[in-house]
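All values below were derived from every heavy atom in this structure, side-chain atoms included, with hydrogens, water molecules and symmetry-related copies excluded. Reminder, nothing fancy here: chain letters follow the sequence lines and each chain counts from 1. From a predicted model like this one, the values you see are computed outputs, not experimental measurements.
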Amino acid sequence: MNRFAAVMVLTLFGAFIFMSVLLLPEFGSYQNKDVANYYLENGFNETGSANIVNSIVWEYRSYDTLGEETVLIIATIGIVLLVRRRV
Amino acid sequence: MNVIIRTSSRILFPFILVFGIYLALHGHLSPGGGFPAGVVLATGFILLVIAYKERKIEHRFTEVSFINLKTIATFALVMVILWGMAIRFILMDTQAPFALWGGGVTFVSNIVGSLVVATALVVIIYSIIKE
């Protein structure tokens with residue numbers, strides 16, 4: 001019974017993923033990219049930074065960057081705890 | 001390491017630091033930013049640590065000082081990102097296109113983020129080499 005339920009859930013999940021792949025826009029198409037177009041049009045005026053990549057990384061998605069830095073800090077703490085013998 | 005590597009790394013060290021600081025300060029104007037600037041800054045210190053033995057370099061900068069700096073920089077980065085709206089509101093008047101001091105929040109977080117990345121990498125490599 002458990003196996004049957006797992007197979008059903010996975011099949012449903014796979015069907016959803018397959019449908020979403022079929023609904024993807026064509027590779028390289030310029031349509032359905034509202035977010036990117038918004039960044040390109042308004043990013044310079046809103047953030048004052050000429051580097052659009054930097055304004056996305058540090059302003060529009062700064063919480064994502066905070067998570068990246070957290071990963072880096074946790075990796076550092078782990079390596080220091082593993083490697084160092086004395087404190 | 002021999003004397004050639006030691007001398008060339010000692011000569012290269014300030015230039016690597018200047019390049020890293022340039023990447024951090026100019027991150028909102030040209031390609032670069034917090035992460036590459038931090039990696040370049042860390043490269044300079046790692047070069048010195050590898051070229052000299054760590055016993056000779058330890059009176060200049062110790063591992064504990066880098067860990068303390070990393071703590072302060074991480075706290076500052078968390079504060080900058082959490083209070084980003086307030087900082088943007090404060091720095092709104094200084095925002096100007098293509099100006100060095102006109103980056104707003106991006107400018108501040110570039111500097112703090114480069115410090116976090118640099119100190120994290122230096123602490124990793126330093127603690128591995130030391131043992």
Side-chain angles (χ1 to χ4, degrees), chain A residues 13 16-17 20-21 23-87, chain B residues 26-38 63-64 66-67 70-71 73-75 77-82 84-85 87-88 91-99 101-113 115-117 119-131:
Chain A
F13 197 62
F16 271 117
I17 290 179
S20 62
V21 167
L23 288 178
L24 277 180
E26 198 176 341
F27 182 74
S29 84
Y30 59 91
Q31 292 170 340
N32 299 325
K33 288 186 176 172
D34 300 332
V35 181
N37 287 327
Y38 178 82
Y39 288 160
L40 283 180
E41 284 169 4
N42 301 322
F44 186 71
N45 291 326
E46 281 183 358
T47 65
S49 122
N51 193 353
I52 298 293
V53 176
N54 218 307
S55 66
I56 289 174
V57 165
W58 288 111
E59 298 223 27
Y60 289 117
R61 299 181 181 175
S62 56
Y63 286 113
D64 181 54
T65 311
L66 184 62
E68 285 179 35
E69 301 278 359
T70 313
V71 168
L72 185 68
I73 295 303
I74 291 173
T76 311
I77 292 172
I79 287 174
V80 169
L81 283 181
L82 276 179
V83 167
R84 273 171 60 159
R85 292 191 200 121
R86 63 189 189 283
V87 177
Chain B
H26 243 242
H28 59 288
L29 298 177
S30 58
F35 286 97
E63 191 187 0
V64 178
F66 269 99
I67 289 178
K70 179 167 80 79
T71 311
T74 307
F75 182 71
L77 183 75
V78 171
M79 283 300 116
V80 163
I81 289 180
L82 286 186
M85 292 301 282
I87 295 175
R88 175 180 304 158
L91 293 178
M92 188 70 86
D93 298 332
T94 67
Q95 276 194 6
F98 299 108
W101 305 105
V105 190
T106 321
F107 184 67
V108 181
S109 41
N110 262 327
I111 298 170
V112 183
L115 269 182
V116 172
V117 176
T119 48
L121 291 180
V122 168
V123 166
I124 287 176
I125 300 295
Y126 203 43
S127 60
I128 287 177
I129 285 174
K130 213 171 170 184
E131 293 300 323

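Contacts of B/V64 with chain A are absent, with no heavy-atom separation under 4.5 Å from either backbone or side chain. In this structure, the portions of B/V78 lying under 4.5 Å from any heavy atom of chain A include both its backbone and its side chain. The part of B/S30 that comes within reach of chain A is its backbone (N, CA, C, O), which places non-hydrogen atoms under 4.5 angstrom from that chain. Only the side chain of B/I67 has a heavy atom closer than 4.5 Å to any heavy atom of chain A.
Across all their heavy atoms, A/V83 and B/I128 have their closest contact at CG1-CA, 4.1 Å.
Distance check: B/F35 CZ to A/L72 CG gives 7.5 Å after rounding to the nearest 0.5 Å. The NE2 atom of B/H28 sits 10.5 Å away from atom CD of A/E59, with the distance rounded to the nearest 0.5 Å. With values rounded to the nearest 0.5 angstrom, A/N54 atom CG is found 7.5 Å from B/S109 atom OG.
Here B/N110 is the residue among B/N110, B/L77, B/L29 with the most heavy-atom pairs under 4.5 Å with chain A. Annotation: maximal heavy-atom pairing with chain B below 4.5 Å, among A/V57, A/T65, A/I79, A/N45, occurs at A/I79.
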List the steps, then state whether side chain to side chain contact (heavy atoms under 4.5 Å, CB included) holds for A/E69 with B/T74.
CA-CA 8 Å; A/E69 301 278 359; B/T74 307; over 6 Å; no
Side chain to side chain contact (heavy atoms under 4.5 Å, CB included) assessment of B/K70 paired with A/I77
CA-CA 11 Å; B/K70 179 167 80 79; A/I77 292 172; 4.3 Å; yes
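B/I81 places a side-chain heavy atom less than 4.5 Å from the side chain of A/Y63.
Each of B/V105, B/V112, B/T106 was checked for a side chain to side chain contact (heavy atoms under 4.5 Å, CB included) with A/W58, and the lone residue meeting it is B/T106.
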